Every structure is written in C-alpha cells, then in structure tokens.
Amino acid sequence: MRVAKLRSPTKKRRMSGRRVVVFPSAAELGPALAHLVASRADKALLDHGRFSLGLSGGSLVSMLSKELPALPDLDCSHWLAGFCDERLVPFNDGESTYGLYKNQLFSKINIPDSGVLVIDPSLSVQECAEDYARKLKEAFPKEDIPVFDLLLLGMGPDGHTCSLFPDHPLLEETQKIVAPIDDSPKPPPQRVTMTFPMVNLARCVVFVSTGGSKAPVLKQVLEGGEGPALPAARVVPSHGELFWLIDEPAAASLTLQVERPGSAAKL
C-alpha cells in the first residue's frame, strides 16, 4: 500500500474558510455548539454511516456534558470518539480527559464503549503515542491518514492547542499523526497529542474560547502579530471548515469582522 506523506502545516493562513462567531456569553454559546455537533453528525451519518468526533478537555467537557444530552432524539450509537490530546495519567485521575468525559458525558449518551478510542496509560509515553496512532489507523482502515468529521479544540492563554505548545519542536512534526510529549510546560508533563498534519485534514475544526483572559492571545491568533504564528493560528484545515466560537469577553480586542448570530444560531 502506498504510504501517504504527511503534509507540513501551511505557512499561509487561508482566511476565506474561517468563521469567527461571537455569542453574548458562554451560556449562549453552548447550545449553538451542541447543534453544530449534531448537524455535522447528521451529515456524516448520511455521507458515510459514521460520525467521528475528536474531543479536547478544559471547559469543553462541562459544556458538552450539559448541552449534548439536552438535545432531543440524539442518537450516538454510530459515533466514534477520540481525543485530540490526552494526559498520561490513570483514568481515575482528575487530569484524565477520558475519565472526565466518561463520568460527565458518556454516561448520559448512547455511545458504545467500542466507539471510544482511549490511550493505554500503562505504557511509556513513546509507546503510548505509537499505540494510540495504531488504534486510530485501525479505526479508519480506508484512509492512509485518519480524517475526523469534527475536531473540537480549545486554546490556552499561551496560544497552545492540543498539546502543541509555542516554540516546541512538535510544531514542526510532519511524519507522525500522534506524537509523544514528555516535557509539557503545562502539567502533567507526559502527554500524547495529534499533530498538525492530522488536525488540518479534518472535515471540520471548531475552536471554543471564552472569557476575557483569552482576549489578548485571541487577537494575536486571529489577526496576527510579530513573531511566529502561535500554535492555534496554525490550525488551517486544508479542505475543511474552521469555526471559532467565542463569547463577547474573549472578542473584546478584535477588530476583524465577526458574526453575531444570537443564541439560537444554527451553524
């Protein structure tokens, strides 16, 4: 079988496919996010009979755990959930992203256990990354590089996303779809993360960023600035949609044109 060469992150930012959508508050953003997930799930199920969703931690856990189960007639029986990054800790540790989703979301929806791809925290960080990459490839047998229908991402105050941090060598990774990191500047230090070549192949990527503390870095990510592009700014899907869903406090410093559709928005 021909092995596809992973594409390196593009240096140019393709602005035309990016939508920056501002909501009055995080509380009003949440339902719109849930409807977006559901609509992309419906589309994927019609197109290819399965919906693949990449999850991130942080505030997304509580937001999705509140809003997704509230949707009427939500059927997750043909969903496949993976993780954009994960901390190398036991599942019962409070730092485990899978552990949080298992307790707060998966217990409320009908996603099958076989539909959730998890790391093996008993392995070394290098072996864990290799094992998770193998699981992903087995779950996407028809694709040289797994293409998720939807990735949900957050952004840290330093502009990192997934476990891809500013000035870290992993920003230039072009061969691996999942990479280990054992020197994360944010604890815990050992993690596995999707890389840019895989993230940028997704059919849809949605960033969720809320709160006034994100305003300065959000301006730099969305409008540019001096120095190298921050990791979150390097997420530019090559053939997919890109959404930034933010609240008014996070948008406070932006000068670019944004959408303000209101709390009942369907994206």
Side-chain angles (χ1 to χ4, degrees), residues 1-10 14 17-18 33 36-56 60 64 68 74-86 97-98 101-102 105-106 109-120 123 126-153 161-164 170 172-180 191-207 234-243 267:
M1 181 181 72
R2 181 179 60 86
V3 177
K5 183 177 180 181
L6 301 192
R7 283 169 279 184
S8 61
T10 180
R14 184 173 56 84
R18 185 184 74 186
L33 173 64
L36 190 154
V37 172
S39 72
R40 296 310 181 271
D42 289 344
K43 183 178 187 300
L45 291 168
L46 285 173
D47 287 348
H48 43 268
R50 184 182 76 172
F51 174 54
S52 51
L53 174 66
L55 296 165
S56 299
L60 276 166
L64 292 170
L68 280 179
L74 183 70
D75 183 3
C76 307
S77 58
H78 295 285
W79 287 25
L80 176 77
F83 294 89
C84 301
D85 68 328
E86 179 60 286
T97 302
Y98 164 67
Y101 275 106
K102 180 182 179 182
L105 176 62
F106 298 153
I109 59 177
N110 65 330
I111 187 168
D113 290 343
S114 60
V116 182
L117 301 178
V118 297
I119 67 165
D120 183 347
L123 300 174
Q126 179 71 42
E127 293 171 328
C128 183
E130 293 170 356
D131 178 68
Y132 198 59
R134 176 187 59 78
K135 290 175 179 174
L136 285 169
K137 289 181 178 179
E138 289 177 353
F140 293 80
K142 297 180 181 179
E143 300 168 1
D144 291 326
I145 304 167
V147 178
F148 272 78
D149 294 307
L150 175 61
L151 298 181
L152 298 179
L153 301 180
T161 191
C162 300
S163 285
L164 300 167
L170 279 186
E172 308 307 325
E173 176 61 56
T174 60
Q175 301 304 310
K176 297 173 181 176
I177 62 170
V178 176
R191 303 158 174 242
V192 297
T193 183
M194 290 183 184
T195 60
F196 283 126
M198 184 171 174
V199 169
N200 283 329
L201 282 181
R203 294 183 178 93
C204 182
V205 178
V206 178
F207 276 95
R234 297 175 65 166
V235 175
V236 186
S238 54
H239 297 96
E241 302 173 283
L242 175 60
F243 288 88
L267 301 172

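The model shown is predicted, which means the values in this text are computed figures rather than measured ones.
From E172, atom CD reaches atom CG of L164 across 10.5 Å, with rounding to the nearest 0.5 Å. Taking CZ of R134 as the start and CD of E138 as the end, the distance is 4.5 Å to the nearest 0.5 Å. Atom-to-atom distance recorded for M198:CE and T193:OG1 is 10.0 Å, nearest 0.5 angstrom. Atoms CH2 and CG, on W79 and L45 in that order, are 8.5 Å from each other to the nearest 0.5 Å. For the atom pair CZ (F207) and CG (L153), the distance works out to 4.5 Å, reported to the nearest 0.5 Å. The CZ atom of F106 sits 10.0 Å away from atom CG of L68, with the distance rounded to the nearest 0.5 Å.
When all heavy atoms of P237 and A202 are compared, the closest pair comes out as CB-O, 4.1 Å. When all heavy atoms of F148 and G54 are compared, the closest pair comes out as CD2-N, 3.5 Å. Between C76 and N110 the shortest heavy-atom distance is N-OD1, 2.7 Å. The two residues G115 and I111 have their closest heavy-atom pair at O-CD1, 3.9 Å. Nearest heavy atoms, P180 versus K176: CD-NZ, 4.2 Å. Pairing each heavy atom of V147 with each of L201, the nearest pair is CG1-O, 3.2 Å.
Using a 4.5 Å heavy-atom threshold, the side chains of L55 and T97 count as separate. For the pair I177 and K137, the minimum side-chain heavy-atom distance is below 4.5 Å. With a 4.5 Å cut-off on side-chain heavy atoms, P197 and I145 do not count as touching. Taking the side chain as every heavy atom from C-beta outward, N200 and V235 approach each other to under 4.5 Å. Side-chain contact between L33 and L152: present, with at least one pair of heavy atoms (C-beta onward) separated by less than 4.5 Å.
Paired with I119 under the rule side chain to side chain contact (heavy atoms under 4.5 Å, CB included), one option of R191, K135, E86 passes, and it is E86. The only member of R203, R50, K43 that meets salt bridge (charged side-chain N to carboxylate O under 4.0 Å, His left out) when paired with D149 is R203.
Aromatic ring pairs are classed by plane angle as parallel below 30°, tilted from 30° to 60° and perpendicular above 60°; the pair Y98 and F83 is perpendicular.
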| said: Using the rule given for side-chain contact (heavy atoms from CB on, under 4.5 Å), can you reason through Y101 versus L60, listing the C-alpha separation, both sets of side-chain angles and the distance that settles it, and then say yes or no? | reply: CA-CA 10 Å; Y101 275 106; L60 276 166; 3.8 Å; yes
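Judged purely by atom type and a 3.5 angstrom limit, Y132 has no side-chain atom pairing as donor or acceptor with the backbone of A179. Looking only at distances, a side-chain donor or acceptor of E173 sits under 3.5 Å from a matching main-chain atom of Q175.
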